Structures are given as C-alpha cells and as structure tokens.
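So the structure is just underneath, and the comments pick up after that.
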Amino acid sequence: MQNWPKVELHVHLDCSLTYDVVKLIDPAITRDQYRQAFVGPVKCLDLADFLDCTNAAVQLLQTKKALSLAVHGLFSQWKRDHVVYGELRFAPLLHTQGGLTPDEVITTVIEAAETCKKEKDIEAGIILCTLRHFNESQSMETIRLVEKYLGDHIVGFDIASDEAGYPIDAHVGAFHYANDKGIPCTAHAGEAKGPESVWETLENFFPRRIGHGARAMEDPKLVNHLRAEQIHLEVCPTSNIQTNVFASYTDHCIDRMYAEGLSISINTDARAIADVTLTEEYRKLCETFGWAPAHFMKCNMEAIKHAFTTPAIRQKVRLRMMEEFTR
Ligand code: ADE
Ligand code: ZN
C-alpha cells in the first residue's frame, strides 16, 4: 500500500511539522515536548479546538530557514507515502510575525518546493490560503499574491480556518477577484458546518473544489448538485474524526460519498496534528470499508483530473499511476 502511487490535494504546511523538522529549528526540544505542542489529541472538541493546536507551528515558522525546512519535511513525508503529485497549502500572512514580508515568505516556500520537486521527483503545486477570521483587506492581499506568483509554483487560492466561527462576508470580494482572473479556487466547507455552508460557499465563492465537504451528504439535493457540476471534494477522514465531525472512522461517510459517484480524493489535511500519513489513511479505508485498489485508483484519477496543474503534468501523473498501480 505504501508503494501505491498517490495524489494528495489537501495538506497544510503548518500542520505537518515532523519531530525531525522541529528539532532542526529548535535543537533543545524533546520528543515529549514536541508531542505536547505539535500533535493534537485524537479527539478535539471541535474545529476551533483543533485550530488551537496549530499555534506552536505558526510561531516557529517565522524565518526563511524554518519555512524551508518545513517544505523539505513535507516532501520527505510525500516521498515515503509515494505521492507522485501533491498540492501543499498555507496562509502567507501568518508568517510575517518575525519580520519577513509576504513576498519573502512566498518566495522561500517556492524555492524550497522547486528544489524538493527535482530532488524527489514529485510534481507539486502551492495553494495560498486566506483565513475565515481575516478581514477584507487581508483576503484581498492574499488573492493579489496568488495572482502575482501564479504559474508553475502558486496554483490556486483557498479559504481555511474556523468555518463555524466566522461568516463569509469579508472574503466574497477576494473570490470574485479570483474568478474574474480565472484563478483556480478551492474552499474549506461542510466540515464544522452542514450543507447550508457548502451551498453558501458554492453560491458566493464559485470554487472548483471543496475542502472536506463531507457534511454535504446530509442534503441529497446538494449531493446531486455536486455530482452534476463535477465539484471535487477533498476528503480528509482522520482529520474529520479529530475535529469531531464524526464520532469514529466507521461513522465517516466517505464510503457513501464514493458509492454516490461523487468526485472525491483522499487527503491527510494535517499530518502532524492528526498524527497520520497518507498510507495510514489508505490502510484505515481498507480495514474499515473494505476498499480495494480500484477505489484508490478511482480517487487518485479524480484527484489528478481536478488538480490545479497543466495538461502535460496531468498526463504524466496519469501514466505513472497506470503503470505503477497495475504493476
Ligand atoms: N487549517 C488547518 N486545518 C484545517 C481544517 N481542517 N479546517 C479548516 N482550516 C484548517
Ligand atoms: Zn484543511
């Protein structure tokens, strides 16, 4: 399972710091201290409680060295999981507390990703996030940064953070701007709130993909709409258990999403905070729902179809998947 080729579309850089990476930045830290500060409990009260677990990582990622090590660490995890195409995401405006400018933050991540892509033979893109609690000007600043760096490196725009705690109003302008310019968009929704939040997101942000979207399953009309419009859902099962969207893995609706014919992919969301790898996520799906190689092939083909990438890379990844999955 570890050697199956994989596509991962939804993983946050600041939620994916391994002990090895943190120790390179802060050599004094012990494994216990790392677990305490950088790994979340198996069960959080809710999404807001889970988001509190990101504070230590954000505090640490305020220098070029730390950001670059974080990217190298994520690509190493991708390599171990045999990810052949990945999209990493982060909010650049969170990393300016140590004096870096947003441009320095972004170019540092781009440069590190470029090196890693070549070193590890992994195709990758970077998504910049605005956050629910940001104001209109921070959201506009973020989308203008996406526009400025759009190309081989920065590939899209997202909104993350506390879906239940903050309304969408401050971000409608940024998504309008993105859609006007043809910038690919995804948006976290249907995680801490139900189908009404997914409808609201679709009708105001017009994203091509939804981050999570699991709670869309509570509304059959919405399921039909997502299928008809081919909106891709970046599903992150273990993260959904941790944020208390579902009580346990058995209760997760991913198997029903698949059976409904929705376009879905399998993702970790927060490798360190959720203490999960993509291979473990696949193993849990096999054990819990009896998923077979055909399920994973289908999800990965859907993922690459909806990836924010070029036709040439899409084709290259498809060929790799077909060669290596049937081997
Ligand atoms: N940021 C990191 N993980 C997130 C999640 N699961 N939902 C919203 N924002 C996040
Ligand atoms: Zn996420």
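In this text the structure is predicted, and so the values were computed from the model without any measurement. Counting starts at 1 for both ligands and their atoms, in listed order. The first residue of the sequence shown is numbered 1, and numbering continues consecutively from there.
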ask   = With a 4.0 Å heavy-atom cut-off (strictly under), which part of I273 contacts ligand 1: side chain, backbone, both or neither?
value = neither
request  = Taking the six-membered ring for Trp and the full ring for Phe, Tyr or His, determine whether the centres of H188 and H12 are under 6.0 Å apart.
outcome  = yes
key: Close aromatic pair by centroid cut-off 6.0 Å: F175 and F157   = yes
note = Answer key: the N, O or S atom of D269 nearest to the Zn ion (ligand 2) is OD1
query = Does T243 reach ligand 1 with a nitrogen or oxygen that is under 3.5 Å from one of the ligand's nitrogen or oxygen atoms?
reply = no
ask   = What's the shortest heavy-atom distance between A70 and L17, and which atoms?
value = CB-CD2, 3.5 Å
message = Within rounding of 10°, what is the angle whose vertex is the Zn ion (ligand 2) and whose arms end at NE2 of H12 and NE2 of H10?
response = 100°
message = Just to be sure I read this right, does ligand 1 sit under 4.0 Å from the backbone of L47, its side chain, both, or neither, counting only heavy atoms?
response = side chain
key: Nearest neighbour in protein (non-hydrogen) for atom 5 (C) of ligand 1   = E191 OE2, 3.4 Å
ask   = What residue and atom, counting heavy atoms only, is the protein's closest point to atom 1 (N) of ligand 1, and at what distance?
value = H12 CE1, 3.3 Å
key: Part of L51 within contact of ligand 1 (heavy atoms, under 4.0 Å)   = side chain
request  = Name the closest protein heavy atom to atom 9 (N) of ligand 1, giving the residue it belongs to and the distance to 0.1 Å.
outcome  = S161 N, 2.8 Å
